[in-house]
Amino acid sequence: MKKRGDSAISPTREEDYPQWYQQVIKASGLAERSAVRGCMVIRPWGYALWENITSALDAMFKATGIQNAYFPLFIPLSFLEKEAEHVEGFAKECAVVTHHRLEKGPDGDLVPAGRLQEPLVVRPTSETIIGDSFSRWISSYRDLPVLINQWANVVRWELRTRIFLRTSEFLWQEGHTAHATSGEALERTLLMLDIYARLAEQYLALPVIKGRKTASERFPGAVDTFSIEAMMQDRKALQAGTSHFLGQNFARASGIKFQNAEEKEEYAWTTSWGASTRMIGALIMTHGDDDGIILPPRVASAHVVLLPIYRSAQDKSAVMTYTESLARELKEIRYHETLLRVQVDDRDTGGARNWDWIKKGIPLRVEIGPRDIAQNAVYLGRRDKGNTDKISIKRDAFVAKLPQLLDEVQKNLYERALTYRNAHTITLDDRDGFYSLFTPNNADHPEIHGGFALSHWCGSSACEVKLKEELGVTIRCIPLENPSENGACICCGQPSKERVVFAKAY
RNA sequence: CGGGAAGUGGCUCAGCCUGGUAGAGCACAGCGUUCGGGACGCUGGGGUCGUCGGUUCAAAUCCGACCUUCCCGACCA
């Protein structure tokens with residue numbers, strides 16, 4: 001027997017967190033790097049997870065009156081030039097299409113030909129092209145609100161990519177709405193933020209902080225940006241969804257005007273909001289352990305795998321019959337809004353088979369052998385427990401308890417994550433303590449350190465810049481549910497009325 | 001884009017300093033023995049050593065350029 005380490009993934013989180021992240025993804029079969037710079041291939045196990053996330057989100061959107069639509073991948077360059085701050089923020093890091101044909105070159109290679117009169121930008125986000133449609137769809141207050149979402153891919157030519165967290169191309173949804181009043185638009189902005197928080201907490205088992213971004217972290221062209229922020233196991237913050245109140249800035253840029261009930265012409269008030277495949281990165285880094293990823297049952301690519309165990313051909317036929325009948329029975333069981341997703345793995349690959357599923361993060365593993373059949377039972381392992389922590393349970397009881405069992409796993413994951421976040425969220429008022437929290441002991445190979453610091457901030461961007469330069473720490477958000485409290489800025493000591501969340505971030 | 005490291009069968013890597021046309025472990029296929037177990041034995045398939053160019057009788061090995069990946073930083077809508 002080949003000896004392996006105590007854990008399936010090497011290095012462990014403690015040893016090298018960034019490397020652990022890469023290895024966990026590789027071992028899980030969620031995704032892999034592609035031949036194209038900075039772009040990933042999402043494999044079936046990862047795409048199933050994404051589909052479960054999207055269908056949950058999509059249902060929540062539609063429940064609030066959102067309709068899906070689709071807009072072009074290409075945006076005329078001039079569109080991006082319409083909103084001044086938007087130009088500032090998006091001028092860089094875009095893929096640009098300049099030609100529309102390939103011709104055979106002198107060496108037999110293909111060379112671009114047919115130069116476009118106006119270059120097309122591969123959408124980094126679609127405010128401008130959707131705004132163009134909105135400007136034609138809207139002419140009266142009776143046309144409002146317009147509530148649109150699109151599921152799409154976008155391209156941002158990031159300099160440093162990381163699978164799921166920041167890839168050149170990624171999948172997301174972007175919602176765009178237009179309203180007759182500022183108040184209604186703001187309400188929509190916050191409603192969508194709530195939906196993201198609900199998705200994170202109830203489906204992904206990620207505790208998040210809802211908050212407002214500071215001016216320097218705001219979406220270019222937005223009046224106000226809100227986000228949900230989660231803590232990863234290296235104690236860095238990850239923004240898992242954003243919702244923007246755009247005021248009338250984009251309406252003005254795209255000419256989205258309407259006549260109000262008083263017959264006066266007005267610009268519409270717009271919002272935009274998005275969540276992406278990055279959420280999968282958040283899920284991996286929040287729940288993963290040194291044996292791989294752990295999928296929360298509400299979105300898991302599959303809920304349970306049946307692992308038949310047999311020796312003789314005779315055993316095999318009995319075990320397979322039992323396994324298949326159990327699989328059929330399980331597939332009928334409802335779990336929240338779906339049916340149970342059941343896998344049967346009858347490969348004869350010894351113990352490696354069990355480890356494969358551990359690394360894939362499936363919530364429940366069920367072994368079925370002659371011994372179990374004799375007792376009309378199954379042998380059950382939970383991914384949120386140790387890999388040898390398995391129990392025998394009567395088949396009937398197992399079937400009856402399954403949804404409840406999955407909910408226990410779901411709850412356990414959420415509570416573990418919340419406990420971790422709370423343990424590393426520190427209320428800090430002294431500057432030295434703040435600096436030591438965010439300074440690693442080994443600068444060349446930083447250990448896991450830091451956390452969320454709840455500290456006062458005077459409101460000046462000078463202090464933000466200073467802390468970012470000296471510590472690499474930024475204000476992740478100003479929590480929405482924030483008690484008013486008098487204090488002194490952690491950086492400059494000027495008076496402050498509330499605490500904000502400081503952290504290192506992805 | 002700046003600093004650092006690296007690119008050799010699917011994966012992890014050795015070989016490179018001291019040039020002579022490829023190795024290991026894992027994975028994979030077949031057979032046998034096992035088996036509630038990340039099993040063992042035997043046999044076998046698979047790589048023109050990131051790309052292009054240079055030096056040389058000869059290059060994975062030396063030189064140059066480029067590409068890509070990873071880490072840190074800047075950037076991150």
Side-chain angles (χ1 to χ4, degrees), chain A residues 1-8 10-11 16-23 26-27 32-40 80 83 85-94 123-128 154-163 165-168 170 172 174 213 216-222 225 227 238-239 242-244 246 250 272-274 276 278 291 307-312 315-316 319 347-359 365-373 377-381 387-388 390 392 440 442-446 468-469 472 474 504-506:
Chain A
M1 171 178 169
K2 176 155 168 56
K3 293 280 176 216
R4 301 219 180 171
D6 297 330
S7 63
S10 173
D16 189 337
Y17 197 82
Q19 273 301 323
W20 166 85
Y21 179 71
Q22 307 282 341
Q23 294 305 322
K26 190 180 286 181
E32 62 192 20
R33 309 219 63 98
S34 72
V36 185
R37 195 205 90 102
C39 295
M40 63 178 163
L80 284 179
E83 213 288 330
E85 279 185 52
H86 204 54
V87 172
E88 211 33 50
F90 281 94
K92 304 151 270 180
E93 295 170 9
C94 285
R123 64 180 164 221
T125 181
S126 304
E127 274 75 8
T128 57
V154 287
V155 169
R156 298 174 184 183
W157 212 259
E158 302 291 354
L159 296 171
R160 185 181 173 190
T161 59
R162 266 189 271 204
I163 202 158
L165 294 178
R166 182 167 295 110
T167 43
S168 299
F170 58 88
W172 77 343
E174 51 179 321
K213 289 292 191 183
S216 62
E217 300 268 332
R218 216 175 264 157
F219 175 72
T225 288
S227 72
L238 185 79
Q239 178 178 304
T242 47
S243 190
H244 313 290
L246 304 175
F250 282 85
S272 71
W273 24 278
S276 71
R278 179 180 240 211
D291 287 332
L307 304 167
I309 291 165
Y310 47 81
R311 235 175 285 189
S312 62
D315 281 350
K316 177 171 181 178
V319 169
R347 287 176 301 161
D348 184 16
T349 54
R353 181 178 64 167
N354 191 41
W355 282 100
D356 272 356
W357 289 101
I358 290 173
K359 288 183 280 194
R365 304 184 309 279
V366 170
E367 297 174 12
I368 299 162
R371 222 181 290 159
D372 306 297
I373 295 176
V378 298
Y379 206 56
L380 171 71
N387 65 58
T388 54
K390 299 188 241 186
S392 181
N442 179 354
D444 293 331
H445 184 74
K468 184 170 183 184
E469 279 178 0
T474 50
K504 295 192 178 184
Y506 277 95

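All values reported here derive from a predicted model rather than from experimental measurement. Naming: A, B, ... by sequence-line order, numbering from 1 per chain. The analysis underlying the following values was restricted to heavy atoms, covering all of them including side chains, and did not include hydrogens, waters or symmetry mates.
A/R311 has a side-chain polar atom (N or O) that falls below the 4.0 Å cut-off from OP1 or OP2 of B/rG36. Between A/K468 and B/rA74, a side-chain N or O to OP1/OP2 separation shorter than 4.0 Å is absent.
Atoms CD1 (A/I373) and P (B/rG36) sit 15 Å apart, rounded to a whole Å. Residue A/Q22 contributes atom CD, which lies 11 Å from atom P of B/rU69 at whole-angstrom precision. Distance A/W357 CH2 to B/rG37 P: 19 Å, rounded to the nearest Å. If you take CD of A/Q23 and C1' of B/rC71, they are 14 Å apart, rounded to a whole angstrom. Rounded to whole Å, atom P of B/rG38 lies 11 Å from atom CD1 of A/I309. Protein atom CH2 of A/W20 is 13 Å distant from nucleotide atom P of B/rC71, rounded to whole Å. Atom C1' of nucleotide B/rG38 and atom CG of A/L307 are separated by 13 Å, given to the nearest angstrom. Atoms CD (A/Q19) and P (B/rC11) sit 15 Å apart, rounded to a whole Å.
For A/R162, taking side-chain heavy atoms from C-beta onward, the closest of the listed nucleotides B/rC71, B/rG38, B/rU12 is B/rC71. Looking at the side chain of A/L159, the nearest of the listed nucleotides B/rG37, B/rC1, B/rG38 is B/rC1. Nearest nucleotide to the A/P18 side chain, out of B/rC11, B/rG38, B/rC71: B/rC71. Distance from the side chain of A/R371 is smallest to B/rG36 among B/rG36, B/rG38, B/rC71. Listed candidates were B/rC75, B/rU69, B/rU12. Nearest to the side chain of A/E93 is B/rC75. The side chain of A/W355 sits closest to B/rG38 out of B/rG37, B/rG38, B/rC70. With B/rC11, B/rC70, B/rG37 as the choices, the nucleotide that has an atom nearest any side-chain atom of A/K26 turns out to be B/rC11. Listed nucleotides: B/rG37, B/rC70, B/rU34. Nearest to the side chain of A/R353: B/rG37. Across B/rU34, B/rG37, B/rU69, the shortest atom-to-atom separation from the side chain of A/D348 is found for B/rU34. Closest contact between the side chain of A/Y379 and the listed nucleotides B/rC70, B/rU34, B/rG36 involves B/rG36.
Using atom C1' as the reference point in both B/rG37 and B/rG46, the two lie 29 Å apart (nearest Å). Nucleotides B/rC26 and B/rU68 are separated by 25 Å at their C1' atoms, to the nearest Å. When the C1' atom is compared between B/rU51 and B/rC67, the two are found 7 Å apart, to the nearest whole Å. Atom name P, nucleotides B/rA22 and B/rC49: the rounded distance is 10 Å, in whole Å. Spacing of C1' atoms, B/rG25 relative to B/rA14, comes out at 11 Å, to the nearest Å. The P atoms of B/rG53 and B/rG44 are separated by 37 Å, rounded to the nearest whole Å. Rounded to the nearest Å, the gap between the P atom of B/rA24 and that of B/rG45 is 13 Å. Of the C1' atoms belonging to B/rG47 and B/rG10, the separation is 11 Å, rounded to the nearest Å.
Looking at heavy-atom distances under 4.0 Å, A/P446 makes no contact with the nucleic acid at all. Contact annotation for A/G381: no contact, since no heavy-atom pair falls under 4.0 Å across all strands. Residue A/D372 is in base contact, counting any heavy-atom pair closer than 4.0 Å across all strands shown.
For A/N354 and B/rG36, a side-chain-to-base donor-acceptor distance below 3.5 Å is absent, hydrogens and geometry of angles not being considered.
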*Base-pairing string, 5' to 3', of RNA chain B - Watson-Crick or wobble, under 3.5 Å, | interstrand*: ((((((((.[[[[.)....(..]]]].((((((.....)))))).....[[[[[..)....]]]]])))))))....
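A donor-acceptor contact shorter than 3.5 Å links the side chain of A/S34 to the backbone of A/C39. Formation of a donor-acceptor pair under 3.5 Å by the A/T225 side chain with backbone atoms of A/K213 is not found in this model. Using modelled atom types, one side-chain atom of A/R278 and one backbone atom of A/L165 make a donor-acceptor pair closer than 3.5 Å.
Nearest-nucleotide assignment on RNA chain B puts the 5′-proximal partner with A/G38, out of A/G38 and A/E158. Nearer the 5' end of RNA chain B, as judged by each residue's closest nucleotide, is the contact made by A/C39, out of A/C39 and A/Y506.
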*Verify side chain to side chain contact (heavy atoms under 4.5 Å, CB included) between A/Q22 and A/D16, making sure each step is shown before the conclusion.*
CA-CA 10 Å; A/Q22 307 282 341; A/D16 189 337; over 6 Å; no
*Hey, mind stepping through A/E127 and A/F219 against side chain to side chain contact (heavy atoms under 4.5 Å, CB included) and telling me if it holds?*
CA-CA 11 Å; A/E127 274 75 8; A/F219 175 72; 3.6 Å; yes
*Applying side chain to side chain contact (heavy atoms under 4.5 Å, CB included), run through A/E217 and A/T242 and close with a yes or a no.*
CA-CA 11 Å; A/E217 300 268 332; A/T242 47; over 6 Å; no
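Between the side chains of A/S227 and A/Q239, not a single donor N or O lies within less than 3.5 Å of an accepting N or O.
Listed by chain and number, the residues in a side chain to side chain donor-acceptor pair (under 3.5 Å) with A/S243 amount to none (sequence neighbours excluded).
In B/rG37 the base sits syn relative to the sugar, since the glycosidic angle is no further than 90° from 0.
Within the 4.5 Å cutoff, the side chain of A/E93 has no heavy atoms near those of the A/P124 side chain. Looking at heavy atoms from C-beta onward, A/T128 lies out of side-chain contact with A/R123 at the 4.5 angstrom threshold.
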